[in-house]
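In what follows, a single structure is set out as structure tokens and then discussed.
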Amino acid sequence: MAGIIGYGAYIPRNRIKVEEIAKVWGADAPSYKKGLMLEEKAVPSPDQDTITMSVESARNALKRAGIDPREIGAVYVGSESHPYAVKPSGATLAEAINAVPAVHTADLEFACKAGSEGMFIALSLVQAGAVKYALAVGADTSQGAPGDALEYSAAAGAAAFLFGKEKPIAEALETFSFTTDTPDFWRREYMHYPQHGGRFTGDPAYFKHITGSAEGIMKKSGLKPADFAYVIFHQPNGKFPFRVGEMLGFEKKQIEPGWLVNKLGNTYSGSSPLGLTATLDIAAPGDLVLMVSYGSGAGSDSFVFRVTERIEEVRDRAPRTRAQLDGNKNYIEYGVYAKYRRKIRKAE
Amino acid sequence: MQSPARSWREIPQRYRLEAAKCARCGFICFPPRLICPECGAREFGPHKLAESGKVLTYTVIRVAPQPFCDQSPYAVGIAELDDGVRLTAQIVDCDPAALKVGMRVRIEFRKVSEEGEAGVIYYGYKLVPE
Ligand SMILES: [Zn+2]
């Protein structure tokens with residue numbers, strides 16, 4: 001059965017604390033920390049972008065899968081921060097992992113669900129028998145406007161998944177997508193920072209689409225919340241995943257292993273995919289795992305995976321996600337952060 | 001500053017660390033060569049460089065040339081990889097004051113330079129603490 005044959009995460013080392021951002025804008029750090037359940041977020045180094053993090057996460061996925069990269073027939077990179085407006089991230093990724101030249105590649109964009117979109121397409125191509133292996137990456141170096149609430153959460157990270165039919169570590173039992181036209185968050189061409197609909201990003205956007213997607217896939221697969229060992233929801237802040245979990249009838253302990261946002265921030269296209277990597281790091285054979293993404297605009301992709309015995313064999317062939325999140329951190333001040341993220345206007 | 005054409009020709013080395021191993025004496029050439037500098041043989045097999053190694057020597061650049069001004073101070077070093085190959089590269093994600101000869105490093109894929117805000121972005125390898 002088709003499924004995930006390898007997975008990999010990449011989290012940059014720099015972190016900025018909520019207090020450090022709040023200090024600059026005269027905001028009340030404790031209320032942000034409590035209100036959003038955020039403590040710090042990952043920040044890319046100046047020489048990192050969606051392409052470099054995609055390559056690192058894909059290399060980790062290849063280490064776990066142990067396949068010949070030249071047999072990968074499709075490579076998809078989902079991001080809202082592709083380094084070029086015109087020139088594919090996927091071509092550089094495919095070249096860096098040696099999947100070229102017999103490979104189909106495309107860059108995808110759908111706010112925070114571009115990564116799961118790639119997973120959906122990659123899995124479908126494998127199921128259809130069109131390609132032997134397909135790679136999907138969700139990666140972002142997201143930016144919030146200075147002083148905006150999003151600045152506390154917009155973070156950087158990447159997760160990669162290799163799909164195939166032989167020796168899956170997690171079989172894909174079901175997929176479902178839920179999409180409507182909902183203007184909760186957007187960025188027009190040539191604009192540096194996104195705009196959002198404030199409170200409108202909650203009920204008609206995040207909650208409606210995630211519950212619609214999760215209920216849809218559970219109905220389609222005949223499963224109920226108690227059947228799952230773990231569930232991963234998109235994580236724009238710390239609170240939303242727990243609240244939507246409660247609405248759907250999931251317990252905290254099903255959510256917690258894949259809940260990274262308090263220390264990671266919202267990695268946009270990497271968010272629920274990174275949560276899935278952290279969950280696979282600790283899941284046991286036979287466990288059912290539900291992943292539900294969310295992308296503004298708006299849509300949600302969901303997947304039911306069943307973990308196989310092969311997980312034990314491959315999980316330590318590459319660094320675990322929480323080891324990257326908790327180890328080797330470099331805390332930076334707001335000034336350095338502003339320089340790294342090119343928020344400082346310099347002479348031409 | 002490199003040209004897009006030169007950078008493109010060097011993709012197998014910059015992105016994938018593809019080297020050549022002498023079929024006669026086993027010497028590893030990076031970048032690949034036509035004639036082995038050790039034994040003069042012309043037959044080579046493919047070799048992919050080891051991903052980790054240790055710092056042999058380094059220097060800290062405090063007055064950087066134009067495109068790298070924003071990054072100073074930064075370190076450039078030579079690492080001896082675990083397959084014995086010596087590789088010169090920037091050492092990043094590390095306070096230059098904390099660098100030590102013998103320190104373990106590994107290779108990561110990074111932006112090496114870019115031609116301003118509108119030009120080509122060049123990618124390649126750098127060293128980071130393991
Ligand atoms: Zn030789």
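Model, not experiment: these values are computed from the prediction. In what follows, chains are A, B, ... by sequence order, proteins preceding strands, each numbered from 1.
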Can you list everything that forms a side-chain contact (heavy atoms from CB on, under 4.5 Å) with A:Ala134? Sequence neighbours excluded, please. A:Ala74, A:Ala122, A:Val126, A:Val131
Would you be so kind as to tabulate the donor-acceptor pairs closer than 3.5 Å made by side chains of residues 28-45 of chain B, with sequence neighbours excluded?
none

So which part of B:Ile121 gets closer than 4.5 Å to some heavy atom of chain A, the side chain, the backbone, both or neither? both
Table up the donor-acceptor pairs between chain B and chain A that sit under 3.5 Å, atom names plus distance.
from: B:Tyr15; atom 1: O; to: A:Arg59; atom 2: NH2; distance (Å): 2.6
from: B:Arg16; atom 1: NH1; to: A:Glu95; atom 2: O; distance (Å): 2.8
from: B:Arg16; atom 1: NH1; to: A:Glu95; atom 2: OE2; distance (Å): 2.7
from: B:Glu51; atom 1: OE1; to: A:Lys63; atom 2: NZ; distance (Å): 3.3
from: B:Asp70; atom 1: O; to: A:Lys339; atom 2: NZ; distance (Å): 2.8
from: B:Asp70; atom 1: OD1; to: A:Lys346; atom 2: NZ; distance (Å): 2.7
from: B:Asp70; atom 1: OD2; to: A:Lys346; atom 2: NZ; distance (Å): 3.0
from: B:Asp93; atom 1: OD1; to: A:Ser45; atom 2: OG; distance (Å): 2.7
from: B:Glu108; atom 1: OE1; to: A:Tyr10; atom 2: OH; distance (Å): 2.8
from: B:Glu108; atom 1: OE2; to: A:Tyr10; atom 2: OH; distance (Å): 3.4
from: B:Phe109; atom 1: N; to: A:Glu56; atom 2: OE2; distance (Å): 2.7
from: B:Arg110; atom 1: NH1; to: A:Asp47; atom 2: OD1; distance (Å): 2.8
from: B:Lys111; atom 1: N; to: A:Asp47; atom 2: O; distance (Å): 2.8
from: B:Glu114; atom 1: OE2; to: A:Arg342; atom 2: NH2; distance (Å): 2.5
from: B:Glu117; atom 1: OE2; to: A:Arg342; atom 2: NH1; distance (Å): 3.1
from: B:Ile121; atom 1: N; to: A:Tyr84; atom 2: OH; distance (Å): 2.7
from: B:Tyr123; atom 1: OH; to: A:Asp49; atom 2: OD2; distance (Å): 2.6
from: B:Lys126; atom 1: NZ; to: A:Asp47; atom 2: OD2; distance (Å): 2.8
from: B:Pro129; atom 1: O; to: A:Arg13; atom 2: NH1; distance (Å): 3.3
from: B:Pro129; atom 1: O; to: A:Arg13; atom 2: NH2; distance (Å): 2.6

Neighbourhood of chain A inside residues 78-88 of chain B, taking heavy atoms under 4.5 Å as contact: none
Name the region of B:Pro12, side chain, backbone, both or neither, that has any atom closer than 4.5 Å to a heavy atom of chain A. neither
Contact origin within A:Val100 toward chain B - heavy atom pairs under 4.5 Å: side chain
